[in-house]
Each structure stands twice: as structure tokens, then as C-alpha cells.
Amino acid sequence: MDFIQQLRIFVAVVDNGSFSRAAEALRMARPSVTKAVNALEDEVGARLLHRTTRRSSLTTEGERFYDRATRLLTEISDAKNLFGGSSFTPRGRLRVDIPVALSRPLIINRIPEFKQLYPDVDIILGVSDQPVDLIADGVDCVLRIGELAPTSMIARKIASITMVVCGSPGYLSANGTPETVEDLRGHQAVNYFSGRGHRPMAWALPGDTGLPQFALRSSIMINDTDAFVACALNGLGLIQVPGLVVAEHLVSGALVEVVPYMKAIRWPLSIMYPNRQHLAPQVRAFIDWVAGVVSDAAGEWLHPTG
């Protein structure tokens, strides 16, 4: 095996977090991956990776070598494509995690197009409203709605999403229709939470600097988007939700928008991936494809960045 191929395998192990996941992504036998990395360490005269039974991590020498290896592989790719030659074809495993709110209205109905473009990419699509650890869970990239906590990951904002406050006709008939933010404070909410803390997500208000937040009294708290909307449809309270999630219910009248002023609120939509200089071709292809899907879906509820 030549030195360049050993570099590609080493980078794949780092990017995927383990030898077994790298083997899946490269469609190689795990012993072959291990043998290649061992040979590379012998070649350069340094231990590059700490190994455990479930994952691997870079040594101090490995961190320095990884940076150099990714730059070298990028330069090789650029050289191959200098005169328009084809780049390394996206292939292998691609593990992506997206929120439930985006699965049906935005992503899943377009997945066949991605598969047609990249038939050699094996997609593992997680649809969940719960946080994931990209490195520990072996996830290549995630889509996230809302402000992001500080992280070492790369976060690329690709759009903003218009929020709407709404409730069922039955709830509004029984409790009155709020017209101002102050009116909202007298109402019950279906509140959303994620993670293990069961802490409800604060509601956002439009403001000149950022998004001021406030809380509404919960009639029920939910950690799944479909159930969250279902509770509102069944009259359990008001919800603040991305408009694209409830667009069909607003058109049918099953949900009614209140306090139109709140529609000025837009939450960011971002794609996150590990802070690595060398992205696998299938990951880069998916990131670019998602940005295109978002651009195509521009409208009342979705506003692409740039």
C-alpha cells in the first residue's frame, strides 16, 4: 500500500473516530485499516493514535501529523483537478442527524435526488430532536435550528426560519385570542424541551439585539416535534414553532396564528460538522446539497443565507 493511501486511511480513522467506522466508510476490512495505520506509524517513526476497544484519539504527535496530512491530501486533490479532472468520487457511509421539524417538509422528499447524484453513498439518517455527540456517535454532520451553544465544531449558518405563535380554534375559543405579547402571559403553552434536564425551551421575542426570551406556563412539556404540534392541535395550549412545520395546519385552519408581530422572529438554521480540515467527499457533497435544498425552498417561512 502506498504512502498516500495510508494517509487517506489514517485521516478517515481520525474523522470517523474509530477504526471500525473508518472501515465502514472506506468499505475496507477492519484489519486492513489497522494494518495501514500501523505501517504508517512505522514509516514516520511515531505513535499517531491512542487505541481503545471502541474509539481512537490523536496523540500529540498525531495532532501535528493530522494537520500536515490533511493539507497534503487537499493539495493532491487540487492538483488532480487543476485542469478540470474529476475529484475523488463521494462514496461510503454518510451518517447525518436532522431535527424532526425538517425531516418531512424539507429533507426526506429530496433524498432520492441525492441518491441519484451519489449512488455509492450509503446514508444513515437520524431523525431526532435530541442532542447527539458527533464524535462519540460517529455522526458526520447535523442540522440544527436555533442559537447554538459554544462548540469546537464548525457551524455554518445556511438559512433563517420564520417562527409563528399559534393555537387551535378550540383553545382560542375557550381562552381568548391574544393580540399582544403581554396578552400571551395569561395563556398556557405547550412547551418543548430537549436533553435530560427537562428544562423547557424559552420563548423568543423580536428585539434590536438578539432574541429576548421569556417563559410561558406549561400545560404540558414535550420533547418530540410531532407530539408537540399534536398537543397544540388538540387544544392543550399555544406553541411557538417554525412556520414551515405547521404551514399546512395554518392553511386548513386547524391552527390559527396569533400575535402576528411575533412573526418577525427568525431562528438560525445551521449545519454542523467536526472541526477537521479534510472533509470526506461524501460529507462535503451532502453539505453543499443541503444548502441547495434550502435555497430551493426559499419562501415565506425559510430565508437562505447569502
Between [X] and [Y] (side chain of the first, backbone of the second, donor and acceptor by atom type, cut-off under 3.5 Å), is there such a pair?
X    : Y    : result
D42  : A39  : no
N16  : S18  : no
D183 : T177 : no
E41  : L49  : yes
T34  : R30  : yes
K115 : V121 : yes

Take L73 and L7 through the test side-chain contact (heavy atoms from CB on, under 4.5 Å) and record every step on the way to the result.
-> CA-CA 8 Å; L73 290 174; L7 290 182; 4.3 Å; yes
The single option from V246, L244, V245, L106 passing side chain to side chain contact (heavy atoms under 4.5 Å, CB included) against W301 =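 Of V246, L244, V245, L106, side chain to side chain contact (heavy atoms under 4.5 Å, CB included) with W301 is met by L244 alone.
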Ring pair (Phe, Tyr, Trp, His ring centres under 6.0 Å) against F10, all qualifying residues, sequence neighbours excluded |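 Per chain and number, F10 pairs via ring pair (Phe, Tyr, Trp, His ring centres under 6.0 Å) with F65.
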Please name all residues satisfying ring pair (Phe, Tyr, Trp, His ring centres under 6.0 Å) with Y192, sequence neighbours left out, ordered by chain then number.
->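 Partners of Y192 under the ring pair (Phe, Tyr, Trp, His ring centres under 6.0 Å) test: F228.
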Are R64 and T60 close enough that a side-chain donor and a side-chain acceptor fall under 3.5 Å?
->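 There is no such pair (donor and acceptor under 3.5 Å, judged by atom type) between the side chains of R64 and T60.
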Among all residues two or more places apart in sequence or in another chain, which pass the side-chain hydrogen bond (donor to acceptor under 3.5 Å, both in side chains) test with R185?
->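 With sequence neighbours excluded, R185 shows a side-chain hydrogen bond (donor to acceptor under 3.5 Å, both in side chains) to E182, given in chain and number order.
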Which pair of heavy atoms, one from A159 and one from T305, lies closest together, and at what distance?
->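 Looking at all heavy atoms of both residues, the shortest contact is N-OG1, 3.3 Å.
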